[in-house]
Amino acid sequence: MPFEKRHAGCEERETDPDGKAATEFVMAVIQTDLSIPDPSDLNLLKWGGYVAAIGLTATVEYFTIKAIQSSISKAKEANGQRNLELGSITIQIQQGTRSIQVGSTRFALNEKGVTKRQAQKALDEQVSMLSNNREYGHLVKSKKFQTAVSEMSENIKTKHTVGDGDQRYMRVLFEYNGKTYRIDIRNNGNNPNLLLY
């Protein structure tokens, strides 16, 4: 139930989209009535009316809140679907054909693609995750890994990609303890706009 308050001498407005003001108003009327004792306080019909008014406003409030939550949920779902349609990227650190930890995915905010800032934050997230990885955490201190991260950061800044056709990607290889690792940024889906603006 919409409710609007206007403050004297001020353009500020508060709205009550979930209808709580209606319940608060009924409770205020009851409190005001009870603060001044009179013979009608013994009237059961009066109390029945108060109970009905509280029940009605509480019911309206409940269904209003549910409708708002449903609307918000649908909007978030639609926005998420829209972002999926716009594309996304995933940054991962791999050894051979397998990732050594969960990748970091970022969704495009608009038709231009994923931003450089989003990609850099995903790369930073991968480094942070790796530093807490018991099996591979030692990689973070490796000079070759640090150089690879710097190179990938530069690729993000310059939008340097490799690959043929629409499926462009970014890749930096590095060696550690006789094994080849790589940092990959790949495009998810068929959106050829890998990144970045």
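When reading the values below, keep in mind they use all heavy atoms of this one structure, side chains included, and skip hydrogens, waters and symmetry mates.
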Is any side-chain heavy atom of Val149 less than 4.5 Å from a side-chain heavy atom of Met152?
no
Please report the interatomic distance CD(Gln95) to OH(Tyr176), rounded to the nearest 0.5 Å.
12.5 Å
Report the distance from atom CD1 of Ile93 to atom CD1 of Ile183, rounding to the nearest 0.5 Å.
5.5 Å
Do Met129 and Ile89 belong to the same hydrophobic cluster, where Ile, Leu, Val, Met, Phe, Trp and Tyr are linked whenever their side-chain heavy atoms lie under 4.5 Å apart, directly or via other members?
no
side-chain hydrogen bond (donor to acceptor under 3.5 Å, both in side chains) partners of [X], counting only residues at least two apart:
X: Asp38; answer: Ser40
X: Tyr136; answer: Arg98
X: Thr105; answer: Thr90
X: Gln101; answer: Gln126

Return the set of residues passing ring pair (Phe, Tyr, Trp, His ring centres under 6.0 Å) with Phe145 (not counting sequence neighbours), or none when no residue passes.
Phe174
Mind checking what makes salt bridge (charged side-chain N to carboxylate O under 4.0 Å, His left out) contact with Glu125, not counting sequence neighbours?
Arg106
Test salt bridge (charged side-chain N to carboxylate O under 4.0 Å, His left out) applied to Asp33 - qualifying residues, sequence neighbours left out
Lys46
From Leu130, Asn177, Val127, residue fulfilling side chain to side chain contact (heavy atoms under 4.5 Å, CB included) relative to Leu139:
Leu130
For the backbone of [Y] and the side chain of [X], can you confirm whether one donor and one acceptor N or O come within less than 3.5 Å of each other?
X: Lys116; Y: Ile156; answer: no
X: Asn132; Y: Ser128; answer: yes
X: Gln118; Y: Ala108; answer: no

In plain terms, say whether Arg182 and Asp184 are close enough for a salt bridge, that is, a side-chain N and a carboxylate O under 4.0 Å apart.
yes
Set out, in order, the CA-CA distance, both residues' side-chain angles and the distance that settles side chain to side chain contact (heavy atoms under 4.5 Å, CB included) for Asn155 and Ile185, then state yes or no.
CA-CA 10 Å; Asn155 286 348; Ile185 300 182; over 6 Å; no
What pair of heavy atoms forms the shortest contact from Leu123 to Ser153, and how long is it?
CD2-OG, 3.5 Å
Over all atoms of both residues, closest heavy-atom pair of Ile91 and Ala122:
CD1-CB, 3.7 Å
Residues forming a side-chain contact (heavy atoms from CB on, under 4.5 Å) with [X], sequence neighbours excluded:
X: Ser99; result: Gln92, Gln94
X: Glu151; result: Val172
X: Thr180; result: Leu173, Glu175

Provide the full list of salt bridge (Lys or Arg N to Asp or Glu O under 4.0 Å) pairs with a residue in residues 132-147, sequence neighbours left out, each pair given once.
none
Applying ring-ring contact (aromatic ring centres under 6.0 Å, His included), which residue pairs with at least one partner in residues 37-56 are found, sequence neighbours left out?
Trp47-Tyr50
